[in-house]
Amino acid sequence: MRTIHLILQGKGGVGKSLAASVLCQYLIERGREITAFDTDPINHTLAGYKDLPVKELQLLQGDDIDRRRFDQLIEEILTASGDVVVDNGAATFVPLSSYLKENQTVDFLESSGMRVLIHTVITGGQGMKDTADGLVSLASHFTVRLVVWLNRYFGEIATDNKTFEEFKAYKQHRDQIAALIHVPLKSAQTFGRDLEELFSRHQTFAAVLAGETLPVLPVMTRQRLKIWWHEMCQELDLAGLTDAEYAENTEKTE
């Protein structure tokens, strides 16, 4: 069964493109054929990865979002090979969400024999409430399973000594949440800096760890990237994203 991964979150700068690029690399490493789409009209971050099969979809007509161009996205999804990853920007969160709901697009894709998962990012710090509200909005508008990425880069995801699993947003929609993915958090001065530079260069972990990039990175930088990538892949393995039966498996959400 082909899986359509939609990365949706109304708050900008929380790590949606990071999640999309990591997801693409993970699926390829696990032997899945993929096609990715970058629909962010402002920051084409995912399209910057030349080692990934990414198509850039232009949604702007002048200064406005042309919602009819989402038709092209669905046409592309239907004809694409393998799994699909769609990276959507904050500027198109509302238009795309409205389009999907109004046109009953998720139901249509599922009736076409595809599994649809919506991925969203929750972050700590100042964006915590906004991202949690984004999760509630998605859960309220769509009945598909949700994959929640917990990104603690900006701070711990906790309030009043309550962890995310104790948040009202999680408790109310727990049955709809297929998996929680904890993005590994390491020392900012070592791991953090190495990761920032890797992502800013739009380089894949596979290319860097194989020494295929120029200049070849220092040995300890590659070691830290290897550690982080291994832990990230373990998280994604636990989420069961490549399991064909996972859409019906609720045991992993317990």
Assess whether side chain to side chain contact (heavy atoms under 4.5 Å, CB included) is satisfied between Met232 and Val22, documenting all intermediate values.
CA-CA 8 Å; Met232 185 74 256; Val22 163; 3.6 Å; yes

Residue Tyr153 excluded, over 12 heavy atoms near OH under 6.0 Å:
no

Should the heavy atoms of other residues, nucleotides or ligands under 6.0 Å from CZ of Arg30 be counted, would the total exceed 12?
yes

State, yes or no, whether a side-chain contact exists between [X] and [Y] at a heavy-atom distance under 4.5 Å.
| X | Y | value |
| --- | --- | --- |
| Lys186 | Leu195 | no |
| Leu225 | Phe205 | yes |
| Leu6 | Leu96 | no |
| Pro53 | Ile28 | yes |
| Ser97 | His141 | no |
| Lys11 | Val121 | no |

For [Y], is there any backbone N or O sitting under 3.5 Å from a side-chain donor or acceptor partner on [X]?
| X | Y | result |
| --- | --- | --- |
| Trp228 | Pro184 | yes |
| Glu76 | Gln72 | no |
| Arg2 | Met114 | no |

Going by the angle between their ring planes, with limits at 30° and 60°, are Phe70 and Tyr99 parallel, tilted or perpendicular?
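Judged by the thresholds at 30° and 60°, the geometry between Phe70 and Tyr99 is tilted.
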
